[in-house]
Novice: 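My questions will all concern the structure given below.
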2 protein chains.
Amino acid sequence: MRFVISPILAPVHTSSRDDAVLHALVDFVTGEGLRPGDRLPTERELAEHLKVSRTTVREALTRWQELGLVERRQGSGTYLKSAVTRNMLHLPLTLPSGNDFNSLMHTLEIRRGLEAEAAVLSAERASDADIAFIEQQLIRMEEAFHARHGMSADEDWDFHLAVFRTSGNPLFEQIIAAMYEMFHRFWEHPLGVRDFGHASFPYHRTLFNAIAARDPVAARAEALKLIATVEDDLRRGAANLKKQSKKS
Amino acid sequence: MRFVISPILAPVHTSSRDDAVLHALVDFVTGEGLRPGDRLPTERELAEHLKVSRTTVREALTRWQELGLVERRQGSGTYLKSAVTRNMLHLPLTLPSGNDFNSLMHTLEIRRGLEAEAAVLSAERASDADIAFIEQQLIRMEEAFHARHGMSADEDWDFHLAVFRTSGNPLFEQIIAAMYEMFHRFWEHPLGVRDFGHASFPYHRTLFNAIAARDPVAARAEALKLIATVEDDLRRGAANLKKQSKKS
DNA sequence: ATTGGCCCAATGGTCCAACCAATTTAGGTG
DNA sequence: CACCTAAATTGGTTGGACCATTGGGCCAAT
């Protein structure tokens, strides 16, 4: 006779030592009201007070470091890098991200989904100050564009970040900030396309206008058009590479 | 003049010991052709071959464990949990995620952006086999619905996962899978709404029909309508809570 | 042939004590 | 005060030891 084991029977999890350390540390940080930038107790102090070895404390802090919650400086101390709350959620994404055409296009598709949604929300919710803030970033980008006769990665990023930030949903900024490196590979390896992103320039202002006019539908449309021009650039780059490999 | 400081600007990784260990481990895994589920060398073996202490090896493996790349089983060994390539990108997101109305609504907004885009891509690219796969999950969900007279979290999740999986972009599935726990708090704490998600039921089939008909525009529209019903449920739940707190 | 108990080697988890390397701080010197 | 130096502080690394869990092999009972 073969039994179907009830799924409820599986998950007996032994609370490990370093988990306990992290829980205690959460309580300490919240209880003490520590904020990002503040310094945590030294590893030796933590080990002594928590009655565990420094090795265990270090394993726990290593985990927090990998999550970007703390930063350790040798000779100085361990510093809080992000807000810590009791019920926070860790999403360690590991993405196979190459510099090939497909990988870049995949990242753009993700960005298209998030960017369009953020544009909608920003158009619905942005305050007057938010609008002014976005416009400020837009102007900076436009000035950099004219000065360099081409897109500037940093200023362009600041503009898009401003849209995310004014969406009223902090998750957008956090997710997109974590993907910063991924998206920036476009500018690091533009696949030989000259004036990469050039075509997207005018749509930054049309997107801003839609948000400033509090028109969510138009904002989504402009955001999608903007991303579409980048996709076109990317396809041109892929075609270039193909042509070059044919020649050689 | 106020600048927007990009939240990610700390890539000044001083090439430390455990970094070197991880690089060597990447080479080993790729060179040996190890796949998820395979067993890695023991910590003592790694320490000996790499000429570092076991503590250092453990710190490195702890980092990989926190990223979800490996799983450690005491008494058994360390096992690969995810594919490892040389240029992969780690995005450790830590989101302050409560069970309050705002947090839940924020996660839904993220999901709306990703889900709508995935529906578009699935409608554009899904093969006949993909369509059949989605339909299979749809039928399973509908059967579970009729059997239980309500939405079933697992089957519902499988359906949406099928849409993401057939989008032709593996990033969608990975991101959404990482957010599984976050999205599932709807069902764990439905804020007292009876028949939570009930209203979304019919839109699963209409979404499938749009994808099967290879109609990207309709697919996006149906996906947005589906999420909108869940948002309505959520708002009802928030209203309920308000009413209850008024009573007491 | 199968089940269950038992032992034992292997493996990850924890601990300790010491030392190294980078940083900060406290004096001291001009 | 400005500048340099030495000491204290702090995270990083090492080696060794022991504990807790796992898995396999062995054996007796069924």
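These numbers were taken from a predicted model, which means no experiment stands behind them. The figures here come from the full heavy-atom set of this structure, side chains too, leaving out hydrogens, waters and symmetry mates. In what follows, chains are A, B, ... by sequence order, proteins preceding strands, each numbered from 1.
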Novice: For Y79(A) and dA22(C), what is the distance between atoms OH and C1' respectively, to the nearest whole Å?
Specialist: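 Value for this atom pair: 12 Å.
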Novice: By nearest nucleotide on DNA chain C, pick out whichever of G75(A) and G75(B) is the more 5' one.
Specialist: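 Its nearest nucleotide lies further toward 5', so the answer is G75(B).
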Novice: If only side-chain N and O atoms count, and only distance matters, is there a donor-acceptor pair under 3.5 Å linking N169(B) with E109(A)?
Specialist: yes
Novice: For the helix from dA1(C)-dT30(D) to dG30(C)-dC1(D), measure the angle between the helix axis at one end and the axis at the other, each built from five pairs, rounding to 10°.
Specialist: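 The end-segment axes of the helix from dA1(C)-dT30(D) to dG30(C)-dC1(D) are tilted 10° relative to each other.
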Novice: I need the CZ-C1' distance between R72(B) and dA10(C), as an integer number of Å.
Specialist: 16 Å
Novice: What is the distance, to the nearest angstrom, from the CD atom on E71(A) to the C1' atom on dG12(D)?
Specialist: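 Interatomic distance, CD of E71(A) to C1' of dG12(D): 15 Å.
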Novice: I'd like to know if the side chain of H204(A) reaches the main chain of D156(A), judged simply by a donor and an acceptor atom lying under 3.5 Å from each other, with no hydrogens or angles considered.
Specialist: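 Side chain of H204(A) to backbone of D156(A): no pair is present.
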Novice: By the salt bridge (charged side-chain N to carboxylate O under 4.0 Å, His left out) test, which pairs, at least two apart or in different chains, include something from residues 45-56 of chain A?
Specialist: E43(A)-R54(A)
Novice: Could you check whether E59(A) pairs with R72(B) (Lys NZ or Arg NE/NH1/NH2 to Asp/Glu carboxylate O, under 4.0 Å)?
Specialist: yes
Novice: Roughly, in whole Å, what's the span from CD in Q74(B) to P in dC15(C)?
Specialist: 12 Å
Novice: Between dG11(D) atom P and L61(A) atom CG, what is the distance in whole Å?
Specialist: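 Distance check: L61(A) CG to dG11(D) P gives 8 Å.
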Novice: Can you tell if the side chain of L25(A) reaches within under 4.5 Å of the side chain of L40(A), non-hydrogen atoms only?
Specialist: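 They are in side-chain contact.
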Novice: Less than 4.5 Å apart, any side-chain heavy atom of Q65(A) and any of K81(A)?
Specialist: no
Novice: Hey, can you pull the residues of residues 32-59 of chain A with a non-hydrogen atom under 4.0 angstrom from DNA chain C?
Specialist: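 Output list: R44(A), V52(A), S53(A), R54(A), T55(A), T56(A).
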Novice: Looking just at side-chain N and O atoms, do S122(B) and S167(B) make a donor-acceptor pair shorter than 3.5 Å?
Specialist: no
Novice: For R73(A) and T78(A), which I'm curious about, is there any donor-acceptor pair between the side chains at under 3.5 Å?
Specialist: no
